[in-house]
Amino acid sequence: MRGILASSIGVTCAAALALPFALPAAASASSAGAPPPVADVATRTAGTADARADARVDVPGSTRSLPLRPLTRDRASGAVLGLTPRTVRPFSLLGVVWDDPSADLHGRVQVRTRAAGTGEWTDWQDVETHYTQHGADPDSSEAATGKARGATAPLWVGESDGVEVRVLPEAGEPEDADPVDTESDEGASGAEGAGEEGEVPTLPAGMRLDLVDPGEAEPEEFAEGAEQPRTGVMTAAAKAASAANSALVPLGATRIPSLTAEETREELLTLRGTELTEQQQAEPYIGPRPSIVTRRGWGADENLREKSFVYTSKVKAAFVHHTASGNNYSCSQAPSLIRGFYRYHTKSLGWRDIGYNFLVDKCGRIYEGRAGGVAKPVKGAHTMGFNSRTTGIAVIGSYGSEKPSSKAVKAVARLTAWKLGLHGMNPKKKTSLTSGGGNLYAKGKKVKMKVISGHRDGFNTSCPGGKLYKKLSSVRSKAAEYQGR
């Protein structure tokens, strides 16, 4: 990402180390805490290497961890860690995870996968290595659980049954850097056999590949008017997540329908009438509420997240992101991607829930992210240092070199016009935010920020990608127009 990205691009190379087909039970660290079954989601059983997880059935999706092994360094490549081509149980999303969330990976991660349907291998693909800056603020309760881990961005690869990984360290590590552990039996980031001369670049400890099967949810019809509550048994956690939107839709609704401008203004008075100023009550500036697919609509397993909801006082700004997960997906697959992100954020990265408050696919559909209610000021984990009094919106895909679709940009404008309008915020203005700590602003520093900002405005990163970032000016203008300004 912006300042950091330059340091993350190392030498290109190839490498490999064979692992046996059958994994030992200890290899699935991420699935050790897999949740109990959810009765109302149709799923396939995708077992994990962990014995306790294998004992459960009908778990919606799975996460499987494969430790990356030291490689005999190829002089032509320089790779020291990875996996050789191997057959695995089907998965659709992957990422590399390590123990310390504050540790940066100074290097390059590349993967290639084998399509389950055709048996064809892809070319090598780069995985975005700087991702945990999307996480919780330093010293926040979410960051202090001890569960958080460092990780690359998740990469969507579609249903696959084979994988190969290579880690290409950055050249010129500092002389006083601690080398990786060469004594560990686990070999997650050990350097045994890493090079003929014994030279070992520094890499984060505990590096492993997480393979995510997002599971299968009941098919969702995306046509307008398809927001009827889904029937079937709901767990207590599913009821709680759905009830958080009870002021907008019935319990179990899969979609929050769009409203007209007049209907939205009437709803605003119902939701926040006592908190509005006389001027806001007389002339509320708010965009028409857009249609939003609920967590139940995209098939969230509510047992993966922490049970309680965390709120901030209000929403003063929106930070726009991209998921950096690639653009090779169809809009019908978007719910699967979101289930994959959700599992990756909770089981692999150790966050309390999916980090983003909302997600937008390239067809312009909007999805509820972190649980707690779309009209409420839910505190997310999306812009480290600026998660308080903000909302995080992620456009699904990678937009460094590829332009976002006009439908996605329009959806972000519609969503921000409504969400910011709930709190009387003008999309074309700036607001004051207090940093919770990050690599651009020290903790406690008051910062003037655009009401609609990109992730890079609050953290030194390339997110939301240069092509999407350039669209934010038009997003601000369009959102203000939707608000009637």
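On a predicted model such as this, the values are computed, not experimentally measured, just so you know. Numbers here simply count residues along the sequence, with the first being 1.
Taking the six-membered ring for Trp and thresholds of 30 and 60 degrees, H106 and H130 have ring planes more than 60 degrees apart, a perpendicular arrangement. The aromatic rings of Y342 and W298 sit perpendicular, their planes meeting at an angle over 60°, well past the 30° parallel limit.
A 4.5 Å side-chain heavy-atom check between D457 and F386 finds every atom pair outside the cut-off. Under the 4.5 Å side-chain criterion, counting only non-hydrogen atoms from C-beta, N245 is in contact with I256. Between L203 and L105 there is a side-chain heavy-atom pair separated by less than 4.5 Å. Annotation: side chain of V315 is not in contact with side chain of M425 (no heavy-atom distance under 4.5 Å). Using a 4.5 Å heavy-atom threshold, the side chains of L155 and S325 count as separate.
Looking only at distances, a side-chain donor or acceptor of R305 sits under 3.5 Å from a matching main-chain atom of K307. The main-chain N or O of T254 is found under 3.5 Å from a side-chain atom of T294 such that the two form a donor-acceptor pair. With hydrogens and angles disregarded, no donor-acceptor distance shorter than 3.5 Å links the side chain of Q110 to the backbone of R166. R289 contributes no side-chain N or O that, together with a main-chain N or O of W418, makes up a donor-acceptor pair within less than 3.5 Å. Distance alone, capped at 3.5 Å, places no donor-acceptor pair between the D100 side chain and the P204 backbone. Side-chain atoms of T312 never come within 3.5 Å of backbone atoms of S388 as a donor-acceptor pair (strictly under, hydrogens ignored).
Residues passing the side-chain hydrogen bond (donor to acceptor under 3.5 Å, both in side chains) test with E266: none are found, sequence neighbours excluded. When the side-chain contact (heavy atoms from CB on, under 4.5 Å) test is applied to E402, the partners found at least two apart in sequence or on another chain are N327. With sequence neighbours excluded, no residue forms a salt bridge (charged side-chain N to carboxylate O under 4.0 Å, His left out) with K407.
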Requested in this report: Go through the steps for L420 and Q483 under the test side chain to side chain contact (heavy atoms under 4.5 Å, CB included), then give the verdict.
Outcome: CA-CA 9 Å; L420 294 169; Q483 287 188 349; 4.2 Å; yes
Requested in this report: Start with the C-alpha distance between D361 and Y329, add both sets of side-chain angles, then the distance that settles side-chain hydrogen bond (donor to acceptor under 3.5 Å, both in side chains), and finish with yes or no.
Outcome: CA-CA 10 Å; D361 70 22; Y329 72 94; 5.5 Å; no
Query - Check against side chain to side chain contact (heavy atoms under 4.5 Å, CB included), T113 and F91 - result: CA-CA 10 Å; T113 56; F91 68 98; 4.0 Å; yes
Query raised in the report: So Q333 and S336, side-chain hydrogen bond (donor to acceptor under 3.5 Å, both in side chains) or not? Walk me through it.
Result: CA-CA 5 Å; Q333 292 175 314; S336 294; over 6 Å; no
Report task. Could you walk me through whether L93 and R343 pass side chain to side chain contact (heavy atoms under 4.5 Å, CB included), step by step? Result -> CA-CA 10 Å; L93 182 141; R343 177 171 282 276; over 6 Å; no
**Report entry** side chain to side chain contact (heavy atoms under 4.5 Å, CB included) between L248 and L271, intermediate numbers included
**Finding:** CA-CA 9 Å; L248 311 181; L271 293 174; 4.1 Å; yes
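With 3.5 Å as the limit, one finds no donor-acceptor pair spanning the side chains of N387 and E142. No side-chain donor-acceptor contact under 3.5 Å links T434 and R389.
Ion pairing of K347 with D301 is absent here, as no side-chain N (NZ or NE/NH1/NH2) approaches a carboxylate O to less than 4.0 Å. A salt bridge is defined here as a Lys NZ or Arg NE, NH1 or NH2 lying under 4.0 Å from an Asp or Glu carboxylate O, and R208 with D99 meets this definition.
Atom CZ of F459 and atom CE of M384 lie 5.5 Å apart (nearest 0.5 Å). How far CZ of R272 is from NZ of K376: 13.0 Å, rounded to the nearest 0.5 Å. In this structure, OG1 in T145 is found 7.5 Å from CD in E306, a value given to the nearest 0.5 Å. Here the straight-line distance linking atom OG of S462 with atom CD of E128 works out to 5.5 Å at 0.5 Å rounding. Note that the CZ atom of R485 and the CD1 atom of I286 stand 10.5 Å from one another [nearest 0.5 Å]. Atom NZ of K430 sits about 9.0 Å away from atom OG of S453, to the nearest 0.5 Å.
By the 6.0 Å contact criterion, CG on N328 is open, its count of non-hydrogen atoms from other residues, nucleotides or ligands being 12 or less. Within a 6.0 Å radius of NZ in K147, other residues, nucleotides and ligands contribute 12 heavy atoms or fewer. Counting non-hydrogen atoms of neighbouring residues, nucleotides and ligands closer than 6.0 angstrom, the CD atom of E262 exceeds 12 such neighbours.
Across H382, H321, H455, a single residue satisfies ring pair (Phe, Tyr, Trp, His ring centres under 6.0 Å) together with Y356, and that is H321.
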